[in-house]
Protein chains: 2
Amino acid sequence: MKRKITLKQIARELEVSISTVSKALRNSPEISEDTKQKVQAFAKLYNYRPNNIALSLKNRKTNTIGIIIPEIVHHFFSKVIRGVELVANKRGYNVIIGLSNESFSKEVINMEMLANGSIDGFIISISKETQQLQDYHHFNETMSQGMPIVMFDRVVSDIKCDKVIVDDLNGAKNAVEKLIANGCKSIALITTKDYVSVGKLRTQGYLEALENYKIQPKAELILKIDDTLDYETHLEALEDEIEQLFKSNRHIDGIFAVNELYALTAMKVARKLGLEIPKDLQVIGFTDGVLSKHSTPGLTTVSQHAQQMGERAADLLIDKLENKIETEEEEFQTIVIETNLVERESTK
Amino acid sequence: MKRKITLKQIARELEVSISTVSKALRNSPEISEDTKQKVQAFAKLYNYRPNNIALSLKNRKTNTIGIIIPEIVHHFFSKVIRGVELVANKRGYNVIIGLSNESFSKEVINMEMLANGSIDGFIISISKETQQLQDYHHFNETMSQGMPIVMFDRVVSDIKCDKVIVDDLNGAKNAVEKLIANGCKSIALITTKDYVSVGKLRTQGYLEALENYKIQPKAELILKIDDTLDYETHLEALEDEIEQLFKSNRHIDGIFAVNELYALTAMKVARKLGLEIPKDLQVIGFTDGVLSKHSTPGLTTVSQHAQQMGERAADLLIDKLENKIETEEEEFQTIVIETNLVERESTK
DNA sequence: TTGTAGGCGTTATCAG
DNA sequence: CTGATAACGCCTACAA
């Protein structure tokens, strides 16, 4: 088992100095053709590659991006990662992942771990718990140490950094307007509790759409799900709550749900209650997932372009890393990704 | 913007030597209580944390695991990553990801990039293209440099390394035997081309189950899908091929598919042709995905325990990294994860 | 009890 | 054209 070869070993073998080897390998004009040939041939033979860690230390630059997300087993987030990875690799960076698992403390620990020299900058979507606690000290500390952060999707307006978000408000508004245009008179909303920034915005979009069409929103048509419970419990409760919603409001003919699972569950419950989709009930969900495409009937969705978000976030971060304009007064960008409606069979 | 503080800076501020600071922070008995107090207080104030990169260089150990997978937007792989991350974090390691995107050259490039000092070891599931080309030099080179590799799911028997696999053969066999026990007389198989190791094993399981029950396998009931085409094309072709299968073999009353999408597509086509599930046709898929659970009817599946695979792979790798028994004759383990059948409505 | 020196692998600068 | 030296940040054996 031969360890990776180093400059020092090459130097010793060829009886030249380390710096000569280094220069020869970088094709420096300082070095004679002869020596270059010899060194390069030897290096090739032993498959020499500079040690990244040593380079990172020397250059104070790791060429690595840290991405912190709440959950990886989730279509949206894995697509974002794919986007980040794509751009990062193209631009010579690696990607290291940290999962917060929706926990504040894991988010903090993970960030601290990576911030100690392992990476050059962060791409982050914050955990639900962090959103609830509204404790953002770890972001501010990281940035004050000169490490840039790009937030995506779940962002915090108080934090001054670059951001990539989807146009949640208009996405939701368009969806609901679509339902109205399709003839729905009584549209229910299935959303999350308000501390989730995106849930809040989508709720707002729903309300604005109604207002545009002079429809009075009704509190009993808005179902706010508590998604802090564990997954299974949450799902069971979900079904019951939706069933309750339908039973108490027989006239519902449209559903807008802030995510895929809520929309599918609504369809499932509706079918159970004998409603036909899209004849009796039309449904639209907000998502970038796979379920919608393969459900029966196919679910019409507001597409979030997750991969594109990842790409934009990565570009934003790397641009910042490579410019490093030492302006005291930094200005930050917020990129808004427009959504679009993917129509399937759950709407007319 | 204050950069991260270093030992050197603390030393200068406190007018002591760097090594005194270093020792004081590690609570060495060599240092006087007084000095320790002073140094530790100062370090805490400035939130000193040792630089990971410097530590990595010094210790020749990065405490980082590299994971190379063909695709991240895939339930199976993201679950594996979650398992790896979970164990890695618990044991003090970070995880860095590389996506091969099913391409041989991307796999090689990604591995080389990470092998140059960035990580201590690899967890890998090889790309389809690599399986086709059967070119494994990059694995052998990596290992010959003393960097351990753990392969999972898509493994290569020629390569001497630790492995974590699911019991594809028995998983498939059990599934098919279940169909037989449920009364199916004519069971079709929807699988991939043989170069995909797992597809091959699952096919074998299918055949063994039939044999056990003295059922003569029929070539016309085995559909081998070419999955090297691009995704959309592949899907369209899939539907046509399955429709053809049903039409040419009206007596089919059971389907075993080597993945989720094939199974769902089969159900979809069957429904289109007026078959009722599970009355006329029973279906089982091999998968760890989400679609099965939310499809209607729910798809019975052979569960792969992806997260567990990730956990075992990470433990295996870290054990190896931390033992480093310098035995010339290394012995390698292959951990086999047993599958189990998750019964839903697509079987009786 | 504290400090010095050397080394992890690399590159840049400067001297020979 | 080649080599010695310092530095990136940290740790540790050894010297004072």
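Being a predicted model, the structure only gives us computed values, none of them experimental. In what follows, chains are A, B, ... by sequence order, proteins preceding strands, each numbered from 1.
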Check your understanding: With under 30° as parallel and over 60° as perpendicular, where do the rings of A:Phe152 and A:Phe76 fit, or are they tilted in between?
Key ->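 Correct class here is tilted.
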**Study point:** For chain B, the stretch of DNA chain D it reaches, first to last nucleotide, under 4.0 Å of its heavy atoms
**Key:**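 Contact span on the strand: D:dC8 to D:dC14.
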Exercise for review: Quick one: which residue pairs count as a salt bridge (charged side-chain N to carboxylate O under 4.0 Å, His left out) with a foot in residues 12-23 of chain B, not counting sequence neighbours?
Suggested key: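 Passing the test, one end in residues 12-23 of chain B: B:Lys23-B:Glu30.
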Exercise for review: If a pair satisfies salt bridge (charged side-chain N to carboxylate O under 4.0 Å, His left out) and one of its residues is in residues 111-132 of chain A, list it, with sequence neighbours excluded.
Suggested key: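 Every salt bridge (charged side-chain N to carboxylate O under 4.0 Å, His left out) pair that includes a residue of residues 111-132 of chain A, provided the two are not neighbours, is A:Lys61-A:Asp120, A:Lys128-A:Asp227.
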Exercise for review: Enumerate the residues from residues 35-46 of chain B whose closest heavy atom to DNA chain D is under 4.0 Å, giving them by residue number; use none for an empty result.
Suggested key: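 Hits under 4.0 Å, by residue number: none.
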Exercise for review: Please work out which residues in residues 13-27 of chain B have a non-hydrogen atom less than 4.0 Å from an atom of DNA chain D and list them by number.
Suggested key: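 Listed by number, they are B:Ser19, B:Ser22, B:Lys23, B:Arg26.
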Practice item. Under 4.0 Å from any atom of DNA chain C, heavy atoms only: list the residues of residues 47-59 of chain A that qualify, in numerical order. Key: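 By residue number: A:Tyr48, A:Arg49, A:Pro50, A:Asn51, A:Ala54, A:Leu55, A:Lys58.
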Check your understanding: Cut-off 3.5 Å, side chains only: do B:Glu311 and B:Gln307 have a donor facing an acceptor?
Key ->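 A donor-acceptor contact under 3.5 Å links the two side chains.
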Review point. Say you draw a straight line from CG of B:Asn101 to OG of B:Ser105; how long is it, rounded to the nearest 0.5 Å?
Key: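 The CG atom of B:Asn101 sits 9.5 Å away from the OG atom of B:Ser105.
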Practice item. Supply the atom-to-atom distance A:Ile65 CD1 to B:Ile96 CD1, rounded to the nearest 0.5 angstrom. Key: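 One finds 10.5 Å between CD1 of A:Ile65 and CD1 of B:Ile96.
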Exercise for review: Determine whether more than 12 heavy atoms belonging to other residues, nucleotides or ligands lie under 6.0 Å from atom OH of B:Tyr46.
Suggested key: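 No.
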Point to revise | Residue A:Arg154 excluded, over 12 heavy atoms near CZ under 6.0 Å | key: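 Yes, because the 6.0 Å sphere around CZ of A:Arg154 holds more than 12 heavy atoms from other groups.
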Review point. B:Ser32 or B:Arg60: which one's nearest nucleotide on DNA chain C is closer to the 5' end?
Key: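 Its nearest nucleotide being more 5', the pick is B:Ser32.
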Review point. What is the distance, rounded to the nearest whole Å, between atom NZ of A:Lys61 and atom P of C:dT11?
Key: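 Going from A:Lys61 (NZ) to C:dT11 (P), I get 16 Å.
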Exercise for review: Would you mind checking if B:Glu85 and B:Arg82 are paired as a salt bridge, meaning a charged N to carboxylate O distance below 4.0 Å?
Suggested key: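 Between B:Glu85 and B:Arg82 there is no salt bridge, as every charged N stays at least 4.0 Å from the carboxylate O atoms.
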